[in-house]
Amino acid sequence: MAETFLLDIAQRVVEKIAHLSMEELGLAFNVESDLRKLKETMSSTKAVLLDAERQQHQNEKLRLCMWKLRDIFYDAEDVVDDFKCEALRKQVVNHPNISFKVRFLASCTLPLSFSFKMGHKIKSINQRLNELATEWNNFNLGQGTDNRHVFHRETHSCVNSSDVIGRDEDKENIIDLLMKPSEDPNIPVIPIVGIGGLGKTTLTQLVYNDDRVTRCFPLKIWICVSDEFDLSRLLKLIIHSINKGEKCDNLTVEALQICLRSLLNDKKFLLVLDDVWNENRARWIELRDILGSMDYLCGSKIIMTTRSLKVAFIMSSIHPYELKGLPFEDCLTLFIKWAFNNEDERQYPNLMRIGKEIVQKCKGVPLAVRTLGSLLFLKTDESYWISIRDSEIWMLEQSENDILPVLKLSYNHLPSHLQRCLALLSLYKKDEIYYSDQVVYLWMANGLLEHPKQKQDWKDVGDQYLNELMSRCLIQMNLDYGDVFTFKMHDLIHDLALEVSQKECKIVNCQTKTIDENVRHLSFCDDKQINVAQVFTKLKNVRTVMVQEVSKESKAIHESLVSLCVSNFKYIRALCLQDSPLTALPNSI
C-alpha cells in the first residue's frame, strides 16, 4: 500500500505559512486573507487525517480522495516556497557584491507579474480544497490521537520444534542466559532483538518449551504485549495466563497486584513479553517495580522480544541478543519444506535451480522464505517460478502474516517525519552503501528535517534521525568515520521502502516507458541508454533527481539530463550526480 504522507506534508505547509514574514507576504497584493483561509482549511483537515489514515485501507473512495488532497498540499507548499524564493531573489538584486550578470538574471521577474500569479495560485488551491471538501466531509472523519502504532497481533507459546530449522545454537545461547545467575537487583530481562520475520517469537517458543526450562521454572507465563504497554492490561493478561478462571476485569491496579501476588505465591517463574514496542521507560518501570516488590524473586527471569534496540536498552541492563539471519543452506531446507510436498523436489531439478535463486532474495529471513515458498506450493509451472524469482517481493500478493505486512508494522510505528525519510531511501539501489552526510543533505534539501534546537545544526538533526532508524533495526551501521558514517539496509527493508513510496518515488531504467505525473522523486539506475525526454514528458513536480548509473562514458548524456531537469522541474530541490563525468555544470543551471 503506497503512502500519501499527508500528515507530515500538512504539518510542514501550515508551519511554513505561519512563518512567512511581513516582507514575504508583501511581495503579492491582497493575499493575506487567502493565505489565512488556506492555513485554516489545512489545519482543520490535518485534525482528522489520523482517522483518515486508519480508515483508508477499508475505503477505496477515501484513499483516492487522500491522493487528490496530497497533490493539493504539495502545490500549496510550492506556492509558499515561491514567496521564500522571491524574497531571496530581491535580496540578490539589492546585494552590492553580486556581479552584474547575476543581478540582471535575478531582476527578470516583474513584481506585478509575480503578485498576480501568486494571487491566482492561492485562489486556485483554495477553490480545489473547497471542491474536495464536500467529498471529504461525506466520510464523517473524527479527530483522534496518533495511535497508528497500536496493533492487535496475537502470538502463543506453542511450537512444533520439527518445523523450526537453523535455530539450535541460538536456542542454546538463550537457555544459557536463563540459567546464568544474576546479580541484578531488578528482575533480569533477556532482550531478543531483530527485524520482523527473523524468528524472534519462534526462537522464544523453542526456549519456552524446552524441558530444561520447564524444570527450572515451575511457572511459565506467555504474554503478547503487541498493541499497547498498559499496566492494568498487562497485569490482567499475566493473571489470566496463570489462572484463566480468575475474575479480574474490573479490578483496580492495586487489587490486580494483590491478586497477582497471591497467585505467584513465592514461585520461581519465567515471563515472556513477546512483541514489545513501548519506548516509554516510566511505563516499563511501573510493571518492573510491581514484579520486583514481590519477595519471591529467587531466580525468576523475563524474556522479551522487540524490533527496537531502544526498547531493549530501556527494559534491560543485559546486552541485547541480536538475532541474525539464517545461513543459505538452512533457508534452502526451509524453502523446500514450504514449496514442495513429500520430497517432490527430487522430481523437479529445474525448479530447484530457480528455487535457490529465490532463496537468495530472502537474505536469511525465514518468514520471507516461508512466504515465497507458500506462493509456490504445488505449482510446477517453470514460468511461474521464474516470475516469482524476477519480481520484487513488494509486488507479490501477500496475506496478513506474510513478510511484507509483518515488516510494515515497523514502518507504521515510525513517527510521520521518519516515515518519509525512510521512504526516500528507496531511491538508492539495493545493496547500496549509504553515506550519512549525503542522506542528510537529501533529506535537508527536501525539507524533511525538523528545525534544529539550541546548540544543534541540521547535521545533528539528520544524524539523530539515522540513529533512530538504526535503533529500530531498519538500517545497520557499516563503518564509522567520526563525523560521517556509512550504513546498509536489508533488501527486505528496501522492498518495504519501495512499497510505501511507490507513488512518491520512481526508479528509472531503460525499460521505463512512462511515469505517473505526480511522482516527486526520480532515481536513474541503469548504465544503458534511457530515453530521458520521453520519460520526462508530463513531469513538472519533481523535487529530487538522483543519477547513479547513466552511461558514465558519455558527458553529453549527463549534460542533456541536467539541462532537462533544470528546464522541466521548477521545484527541484536535490540534484545528485554520483560518479558523473561532468567537470562543470552546464550553462542551463
Side-chain angles (χ1 to χ4, degrees), residues 145 147 149-157 174 177-178 182-193 200-201 204 207-208 213 217-244 246-321 409 413 471-472:
T145 55
N147 63 350
H149 60 283
V150 173
F151 314 125
H152 299 283
R153 184 169 173 251
E154 286 295 330
T155 64
H156 54 79
S157 62
I174 298 298
L177 289 171
L178 278 178
S182 173
E183 296 178 2
D184 195 326
N186 299 306
I187 184 167
V189 179
I190 299 166
I192 302 175
V193 182
K200 300 180 295 296
T201 298
T204 307
V207 171
Y208 188 91
V213 172
F217 298 95
L219 179 62
K220 296 187 297 182
I221 306 159
W222 182 286
I223 303 299
C224 180
V225 178
S226 196
D227 46 6
E228 55 182 327
F229 204 94
D230 175 74
L231 181 62
S232 175
R233 170 181 169 268
L234 292 175
L235 290 174
K236 289 172 186 174
L237 287 172
I238 293 170
I239 290 168
H240 281 143
S241 179
I242 299 169
N243 183 0
K244 289 179 175 56
E246 196 73 40
K247 295 181 180 177
C248 60
D249 289 345
N250 298 317
L251 296 182
T252 62
V253 169
E254 172 63 17
L256 287 169
Q257 68 96 9
I258 291 170
C259 177
L260 179 58
R261 186 187 298 273
S262 67
L263 286 172
L264 290 170
N265 194 25
D266 293 344
K267 291 175 184 170
K268 181 180 177 183
F269 66 85
L270 171 65
L271 170 62
V272 169
L273 298 174
D274 190 34
D275 198 26
V276 181
W277 298 82
N278 169 60
E279 294 183 352
N280 185 326
R281 186 163 179 262
R283 288 184 182 175
W284 157 242
I285 289 173
E286 275 188 314
L287 177 62
R288 185 196 71 188
D289 287 352
I290 284 180
L291 294 172
S293 68
M294 302 177 186
D295 54 15
Y296 45 76
L297 296 181
C298 47
S300 296
K301 298 275 177 76
I302 295 174
I303 298 176
M304 58 86 73
T305 70
T306 181
R307 304 184 189 192
S308 167
L309 285 166
K310 183 177 179 180
V311 172
F313 287 122
I314 283 172
M315 291 182 62
S316 178
S317 59
I318 298 172
H319 190 77
Y321 190 86
L409 296 178
H413 200 268
S471 78
R472 295 167 185 260

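Computed from a predicted structure; not experimentally measured.
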Asker: Nearest heavy-atom pair of Ala312 and Val193: which atoms, and what distance?
Answerer: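 Taking Ala312 first and Val193 second, the nearest heavy atoms are CB-CG2, 3.7 Å.
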Asker: Starting from the C-alpha separation in whole Å, work towards a yes-or-no answer on side-chain hydrogen bond (donor to acceptor under 3.5 Å, both in side chains) for His413 and Arg472.
Answerer: CA-CA 10 Å; His413 200 268; Arg472 295 167 185 260; 3.2 Å; yes
Asker: Side chains of Ser317 and Asp184: do they bring a donor and an acceptor to under 3.5 Å?
Answerer: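 Yes, Asp184 and Ser317 have a side-chain donor paired with an acceptor closer than 3.5 Å.
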Asker: How long is the straight-line distance from NE2 of His240 back to CG of Leu235, given to the nearest 0.5 Å?
Answerer: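 So the gap between those two atoms works out to 11.5 Å.
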Asker: Kindly compute the distance separating CE (Met315) from CD1 (Ile190), expressed to the nearest 0.5 Å.
Answerer: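 Rounded to the nearest 0.5 Å, the CE-CD1 separation comes out at 12.0 Å.
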Asker: For Glu154 and Ser226: C-alpha separation, side-chain torsions, deciding distance, then whether side-chain contact (heavy atoms from CB on, under 4.5 Å) applies.
Answerer: CA-CA 7 Å; Glu154 286 295 330; Ser226 196; over 6 Å; no
Asker: For Lys200 and Ile192, which heavy atoms make the closest approach, and how far apart are they?
Answerer: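 For Lys200 versus Ile192, the nearest heavy atoms are CD-O, 3.7 Å.
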Asker: Which atoms form the tightest heavy-atom contact between Glu254 and Gln257, and what is the distance?
Answerer: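 Residues Glu254 and Gln257, closest heavy atoms: O-CG, 3.2 Å.
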Asker: Any cation-pi pair here, Lys220 with Tyr208, using under 6.0 Å and within 45°?
Answerer: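 Yes, a cation-pi geometry holds between Lys220 and Tyr208.
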Asker: I'd like to check Leu178 versus Ile303 (side-chain heavy atoms, cut-off strictly below 4.5 Å). Are they in contact?
Answerer: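 When only atoms from C-beta onward are counted, Ile303 and Leu178 do touch, with a gap below 4.5 Å.
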Asker: Which distance, rounded to the nearest 0.5 Å, do you find between the NZ of Lys236 and the SG of Cys259?
Answerer: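 Taking NZ in Lys236 and SG in Cys259, the distance rounds to 11.5 Å.
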Asker: Can you check whether Lys310's main-chain N or O pairs, donor with acceptor, with Ser471's side chain at less than 3.5 Å?
Answerer: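 Between the backbone of Lys310 and the side chain of Ser471 there is no qualifying donor-acceptor contact (under 3.5 Å).
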Asker: CD1 of Ile290 to CG of Leu260: how many Å apart, nearest 0.5 Å?
Answerer: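 Here the interatomic distance stands at 8.5 Å.
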Asker: Rounded to the nearest 0.5 Å, what's the gap from CD1 on Ile174 to OH on Tyr321? Could you check?
Answerer: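 One gets 5.5 Å once the value is rounded to the nearest 0.5 Å.
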Asker: How many angstroms lie between CD1 in Ile223 and CG in Asp275, if you round to the nearest 0.5 Å?
Answerer: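 It is 13.0 Å, given to the nearest 0.5 Å.
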Asker: Run the side-chain contact (heavy atoms from CB on, under 4.5 Å) check on Met304 and Val225 step by step: do they pass?
Answerer: CA-CA 9 Å; Met304 58 86 73; Val225 178; over 6 Å; no
Asker: Compare every heavy atom of Val276 with every heavy atom of Leu273, then report the nearest pair and how far apart it is.
Answerer: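 Leu273 and Val276 have their closest heavy atoms at O-CG2, 3.5 Å.
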Asker: If every non-hydrogen atom of Pro188 is compared with every non-hydrogen atom of Ser300, which pair is closest and at what distance?
Answerer: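 Minimum heavy-atom separation between Pro188 and Ser300: CD-O, 3.5 Å.
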Asker: In sequence, state the C-alpha distance, the side-chain angles, and the governing distance for Leu271 and Ile187, and then conclude on side-chain contact (heavy atoms from CB on, under 4.5 Å).
Answerer: CA-CA 10 Å; Leu271 170 62; Ile187 184 167; over 6 Å; no
Asker: State, yes or no, whether a side-chain contact exists between Trp277 and Glu228 at a heavy-atom distance under 4.5 Å.
Answerer: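 Trp277 vs Glu228: side chains apart.
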Asker: Considering residues, nucleotides and ligands other than Arg233, do more than 12 of their heavy atoms fall under 6.0 Å from its CZ?
Answerer: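 More than 12 heavy atoms, drawn from other residues, nucleotides or ligands, come within 6.0 Å of this atom.
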Asker: How far apart are the closest heavy atoms of Asn278 and Arg283, and which atoms are they?
Answerer: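 In terms of heavy atoms, the two residues are closest at OD1-CD, 3.9 Å.
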Asker: Just checking Asn250: does its CG atom have more than 12 heavy atoms from other residues, nucleotides or ligands closer to it than 6.0 angstrom?
Answerer: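 Open.
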Asker: Going through the checks in order, is the side-chain contact (heavy atoms from CB on, under 4.5 Å) test met by Phe269 and Ile242?
Answerer: CA-CA 11 Å; Phe269 66 85; Ile242 299 169; over 6 Å; no
Asker: State, without any angle test, whether Thr204 and Trp222 hold a side-chain donor-acceptor pair at a distance under 3.5 Å.
Answerer: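 No donor-acceptor contact under 3.5 Å links the two side chains.
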